[in-house]
Amino acid sequence: MLAVLVFLLSLSAVAAILFKFAKADGDFTLLSKGPAKRKAVEGKVVWITGASRGIGEVLATQFAALGAKLILSARNKEELERVKYEITSKYPAAGVEVLPLDLSSGEEVLKKSVQEAESLFSDAGVDFMIHNAAFERPMSSAAGKTPAPGQALYSASKHALNGYFHTLRSELCQKGIGVTVICPGPIQTENSSGGSEKRVPSERCCELTIVAATHGLKEAWISYQPVLLVMYLVQYMPTVGYWLMDKIGANRIDAAAKKGNAYSWDLLFKKKKST
């Protein structure tokens with residue numbers, strides 16, 4: 001009788017975990033941390049690149065709500081001033097500075113920008129640096145952890161980004177400098193176009209990003225299913241994960257070409273067209 005009870009309890013626990021995983025929008029470690037640590041950012045200086053729109057703008061607003069001081073960077077000064085105005089209108093006590101910056105500038109220009117950023121708040125320096133700027137899609141990506149059929153070059157760039165920043169963390173961690181790599185799947189932003197896949201809202205993506213940063217996580221995954229499942233399989237059961245991606249590869253390319261759902265479960269069951 002006891003054995004049956006233990007079995008039923010174990011079965012219930014497994015069912016509860018599977019249900020939670022099916023509804024998750026982030027990896028288990030990330031979701032277990034609860035809300036962002038306000039004390040980790042309150043009064044601290046947060047420098048955000050790509051802050052003139054999209055995820056960068058939302059991140060700036062959420063950091064301001066936590067009491068952070070902000071340095072906003074992007075190429076478009078007018079848009080940065082707009083973001084600053086909207087933030088200070090909502091949070092009058094927020095300290096916000098605009099620092100126009102083009103990351104494609106030479107090394108000497110970037111060094112001067114760093115020096116200027118460090119001096120903006122009475123030489124307080126910079127406590128958090130959010131590397132969000134990009135030509136097309138910022139941050140890292142789920143494509144930096146798994147194969148991404150139809151996005152080989154994009155995936156390669158994100159694998160490189162992950163390798164660079166994880167190595168950088170190992171080089172600097174003993175100096176008290178932490179690095180958190182964010183790997184989102186499809187995110188709903190003002191510039192989202194094409195595809196019918198379910199996307200995590202940008203506000204939720206930014207909320208989880210700040211959770212990861214303030215809790216000192218080394219890496220965080222943000223996405224709905226089935227992307228999270230694929231990421232877990234490739235990470236912990238690579239033979240199964242790569243088999244799955246090979247099976248859906250051609251179907252995913254076809255779906256993307258037709259502006260369809262490139263992240264659907266249906267990709268697994270569609271028959272490969274004969275050539």
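The model shown is predicted, which means the values in this text are computed figures rather than measured ones.
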Note to self: Minimum heavy-atom separation for Phe121 and Gly95, please, with both atom names.
What the structure shows: CZ-O, 3.7 Å
Next item on the list: List the steps, then state whether side-chain contact (heavy atoms from CB on, under 4.5 Å) holds for Tyr242 with Leu233.
Entry: CA-CA 8 Å; Tyr242 290 131; Leu233 287 176; over 6 Å; no
Checklist line | Nearest-0.5 Å distance that lies between atom CG in Leu120 and atom NZ in Lys69 | finding: 11.5 Å
Note to self: If you compare all heavy atoms of Val211 against all heavy atoms of Ala36, which two are closest, and at what distance to 0.1 Å?
What the structure shows: CG2-N, 3.6 Å
Item checked: Reported CD-to-CD distance for the pair Gln62 and Glu57, which is rounded to 0.5 angstrom -> 11.5 Å
Notebook entry, point to check: Cationic tip of Arg252 within the cone over Tyr263's six-membered ring, i.e. under 6.0 Å and within 45° of the normal?
Noted result: yes
Next item on the list: Could you tell me the separation between the NE2 atom of His166 and the OG atom of Ser140, rounded to the nearest 0.5 Å?
Entry: 7.5 Å
Checklist line | For Val45 against Ala124, the heavy-atom pair lying closest together | finding: CG2-CB, 4.2 Å
Note to self: Any non-hydrogen side-chain atom of Lys218 less than 4.5 Å from a side-chain atom of Val179?
What the structure shows: no
Notebook entry, point to check: Mind checking whether Phe128 and Leu70 have side chains closer than 4.5 Å, heavy atoms only?
Noted result: no
Item checked: Test log, rule side-chain contact (heavy atoms from CB on, under 4.5 Å), inputs Glu116 and Glu97 -> CA-CA 11 Å; Glu116 184 176 351; Glu97 296 287 349; over 6 Å; no
Check: Say you draw a straight line from CD of Glu79 to CZ of Arg53; how long is it, rounded to the nearest 0.5 Å?
Finding: 9.0 Å
Next item on the list: Check the side chains of Ser52 and Asn76 for a donor-acceptor pair under 3.5 angstrom, ignoring hydrogens and angles.
Entry: no
Margin query: For Gly144, is there any backbone N or O sitting under 3.5 Å from a side-chain donor or acceptor partner on Asn162?
Written below: yes
Next item on the list: Would you check if Leu72 and Leu99 make a side-chain contact, meaning some heavy-atom pair closer than 4.5 Å?
Entry: no
Note to self: Tell me if the CZ atom of Phe28 is crowded by more than 12 foreign heavy atoms within 6.0 Å.
What the structure shows: yes
Margin query: For residues Tyr164 and Tyr154: do they belong to one hydrophobic cluster (side chain heavy atoms under 4.5 Å, members Ile, Leu, Val, Met, Phe, Trp, Tyr)?
Written below: no
Check: Does a salt bridge link Lys111 with Glu107, judged by any charged N lying under 4.0 Å from a carboxylate O?
Finding: yes
Next item on the list: Please determine if Glu86 and Lys90 form a salt bridge, counting it only when a charged side-chain N lies under 4.0 Å from a carboxylate O.
Entry: no
Check: Going by heavy atoms in the side chains, are Cys183 and Val181 under 4.5 Å from each other?
Finding: yes
Next item on the list: May I ask you to decide if Ala65's main-chain N or O and Arg38's side chain share a donor-acceptor pair within less than 3.5 Å?
Entry: yes
Check: Within the distance-only criterion (no hydrogens, no angle test), does the side chain of Ser264 pair as donor or acceptor with the backbone N or O of Asp266 below 3.5 angstrom?
Finding: yes
Margin query: Check for me, please, whether Ile248 and Trp243 land in the same ILVMFWY cluster - side-chain distances under 4.5 Å, paths through other members count.
Written below: yes
Next item on the list: List the steps, then state whether side-chain contact (heavy atoms from CB on, under 4.5 Å) holds for Arg169 with Ile177.
Entry: CA-CA 7 Å; Arg169 184 189 59 251; Ile177 298 176; over 6 Å; no
Checklist line | Considering all heavy atoms, the nearest Ala142-Met231 contact | finding: CB-SD, 3.6 Å
Note to self: Under the side chain to side chain contact (heavy atoms under 4.5 Å, CB included) test against Leu267, which residue among Asn251, Asp254, Ile253 passes?
What the structure shows: Asn251
Next item on the list: Over all heavy atoms of both residues, which pair between His159 and Lys145 is shortest? Give the atoms and the distance, please.
Entry: CE1-N, 3.9 Å
Next item on the list: Verify, without hydrogens or angle tests, whether Thr180 (side chain) and Glu219 (backbone) share a donor-acceptor contact under 3.5 angstrom.
Entry: no
Margin query: Closer than 3.5 angstrom, by distance alone: can the side chain of Arg199 be matched with the main-chain N or O of Ile187 as a donor-acceptor pair?
Written below: yes
Note to self: Hydrophobic clustering (ILVMFWY, side-chain heavy atoms < 4.5 Å, transitive) - are Leu80 and Leu103 grouped together?
What the structure shows: no
Checklist line | Close side-chain approach of Leu161 and Phe165, heavy atoms under 4.5 Å | finding: yes
Check: Which one of Val126, Ile130, Thr49 satisfies the side chain to side chain contact (heavy atoms under 4.5 Å, CB included) criterion with Ile71?
Finding: Val126
Check: Within the distance-only criterion (no hydrogens, no angle test), does the side chain of Asn132 pair as donor or acceptor with the backbone N or O of Ile48 below 3.5 angstrom?
Finding: no
Margin query: Would you compute the distance between atom CZ of Arg204 and atom CD1 of Ile222 and round it to the nearest 0.5 angstrom?
Written below: 8.5 Å
Notebook entry, point to check: Does Lys84 offer a backbone N or O that forms a donor-acceptor pair with the side chain of Thr88 under 3.5 Å?
Noted result: yes
Check: Would you say Tyr85 and Val96 make side-chain contact, with heavy atoms under 4.5 Å?
Finding: no
Notebook entry, point to check: Would you say the side-chain atoms of Gln225 pair up with the backbone N or O of Leu229, donor to acceptor, closer than 3.5 Å?
Noted result: yes
Notebook entry, point to check: Do the side chains of Leu208 and Ile210 get nearer than 4.5 Å, heavy atoms only?
Noted result: no
Checklist line | Side chain proximity check, Leu228 to Trp221, heavy atoms < 4.5 angstrom | finding: yes
Item checked: Pairwise distance CD1(Ile182) to SG(Cys205) - rounded to 0.5 angstrom -> 7.5 Å
Next item on the list: Determine the minimum heavy-atom distance between Cys206 and Ile55, stating which atoms define it.
Entry: SG-O, 3.5 Å
Note to self: Grouping I, L, V, M, F, W and Y whenever their side-chain heavy atoms are under 4.5 Å apart, do Val46 and Val83 come out in a common cluster?
What the structure shows: yes
Check: Quick one: does Thr214's side chain have a donor or acceptor within less than 3.5 Å of a partner on Lys37's backbone?
Finding: yes
Next item on the list: Check the hydrophobic clustering (I, L, V, M, F, W, Y; side-chain heavy atoms under 4.5 Å; chains of links allowed) and say if Val58 and Val200 are grouped together.
Entry: no
Item checked: Donor-acceptor contact below 3.5 Å, side chain Glu42 vs main chain Ala68 -> no
